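The structure appears below as structure tokens.
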Amino acid sequence: MKTPPFCPNDGCNYHQTVPPGSVWYVRYGHYHSTNRGPIQRYRCKRCGTHFSSQTFSLDYMTQRTISYRRIFELLTSSTGIRGMGRILKASPHCITNRISRLARQSLAIHADLLDTLILNEDLVADGFESFAVSQYFPNNIQLLAGKKSQYWIYSDYAHLRRKGRMTDYCQQRFKSSAFRRFQFSAFGDN
């Protein structure tokens with residue numbers, strides 16, 4: 001990053017809206033990182049907030065750089081988390097962290113693209129049922145896409161109540177504290 005895009009302080013006037021051509025920051029030294037080398041520091045002229053070139057990086061607060069392109073390729077080829085960890089020589093926690101970062105960036109880009117979208121085709125709505133963690137926690141995922149372009153416009157998640165009959169053993173297992181505790185913590189049910 002040659003120049004920071006905006007001040008990271010959300011109380012600053014230069015947060016996300018910087019006047020064109022203005023020099024709103026000053027270089028404020030640097031620090032050394034063992035895996036990235038020297039990192040440039042900056043200071044906002046308006047509010048005095050200090051930040052670095054890493055503040056706006058996708059790898060902010062990470063100790064290791066892993067190729068997001070490679071993670072995306074492995075994800076689209078249906079490689080599991082542990083398999084990715086073996087290939088990239090990283091822990092499963094590190095892999096899930098990078099997938100979360102990539103997902104948040106993808107959602108932000110998608111939201112920006114939706115602002116400029118001009119709908120000139122019919123839309124198709126569909127959905128499917130699945131479950132989270134176990135079959136005791138079914139859900140329904142609805143999708144909205146363009147009919148010809150197949151551009152994903154919107155999706156929604158809905159937690160459902162379990163359907164069907166349960167054997168006595170299943171009922172006892174469902175009523176056990178472990179399952180109820182998970183349900184309360186994961187889905188916020190009362």
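What you see below is based on every heavy atom in this structure, not just the backbone, and it leaves out hydrogens, waters and symmetry mates. These numbers come from a predicted model, not from an experiment.
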Ignoring hydrogens, what is the shortest heavy-atom contact between [X] and [Y]? Give both atom names and the distance.
{"X": "Pro138", "Y": "His159", "result": "O-ND1, 3.6 Å"}
{"X": "Ala132", "Y": "Asn139", "result": "N-ND2, 3.7 Å"}
{"X": "Pro5", "Y": "Val18", "result": "O-CG2, 3.5 Å"}
{"X": "Gln142", "Y": "Ala158", "result": "NE2-CB, 4.2 Å"}
{"X": "Phe56", "Y": "Pro8", "result": "CZ-CD, 4.0 Å"}
{"X": "Gln40", "Y": "Gly29", "result": "NE2-O, 2.8 Å"}

Common cluster, [X]/[Y], ILVMFWY with side-chain heavy-atom separation under 4.5 Å:
{"X": "Leu117", "Y": "Tyr154", "value": "yes"}
{"X": "Phe51", "Y": "Ile39", "value": "no"}
{"X": "Phe6", "Y": "Tyr60", "value": "no"}
{"X": "Leu144", "Y": "Ile141", "value": "no"}
{"X": "Ile81", "Y": "Ile87", "value": "yes"}

Handout entry: Check: Gln105 side chain, Leu58 main-chain N or O, donor-acceptor pair, under 3.5 Å
Key =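 It does not hold such a pair.
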Minimum side-chain heavy-atom gap [X]-[Y] below 4.5 Å:
{"X": "Pro19", "Y": "Tyr14", "result": "yes"}
{"X": "Cys12", "Y": "Thr49", "result": "no"}
{"X": "Met84", "Y": "Leu75", "result": "yes"}
{"X": "Ser106", "Y": "Ile109", "result": "no"}

Practice task
Mind running side chain to side chain contact (heavy atoms under 4.5 Å, CB included) on Ser149 and Glu121 for me, showing each step along the way?
Solution key: CA-CA 8 Å; Ser149 67; Glu121 66 177 326; 2.5 Å; yes
Can you tell me how far apart [atom1] ([X]) and [atom2] ([Y]) are? Round to the nearest 0.5 Å.
{"X": "His15", "Y": "Cys44", "atom1": "NE2", "atom2": "SG", "result": "11.5 Å"}
{"X": "Thr62", "Y": "Arg98", "atom1": "OG1", "atom2": "CZ", "result": "4.5 Å"}
{"X": "Lys45", "Y": "Tyr25", "atom1": "NZ", "atom2": "OH", "result": "9.5 Å"}
{"X": "His110", "Y": "Asp115", "atom1": "NE2", "atom2": "CG", "result": "10.5 Å"}
{"X": "Asp59", "Y": "Arg36", "atom1": "CG", "atom2": "CZ", "result": "5.0 Å"}
{"X": "Ile71", "Y": "Ile95", "atom1": "CD1", "atom2": "CD1", "result": "5.0 Å"}

Assess whether atom [atom1] of [X] is packed by more than 12 heavy atoms of other residues, nucleotides or ligands within 6.0 Å.
{"X": "Tyr31", "atom1": "OH", "value": "yes"}
{"X": "Asp126", "atom1": "CG", "value": "no"}
{"X": "His32", "atom1": "NE2", "value": "yes"}

Practice task
Quick one: sort the His50 and Tyr28 rings into parallel, tilted or perpendicular, breaks at 30° and 60°.
Solution key: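 The arrangement is tilted - the two ring planes meet at 30° to 60°.
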Practice task
Start with the C-alpha gap between Leu114 and Tyr151, add the side-chain angles, then the distance that decides, and say whether side chain to side chain contact (heavy atoms under 4.5 Å, CB included) holds.
Solution key: CA-CA 10 Å; Leu114 280 179; Tyr151 182 76; 4.0 Å; yes
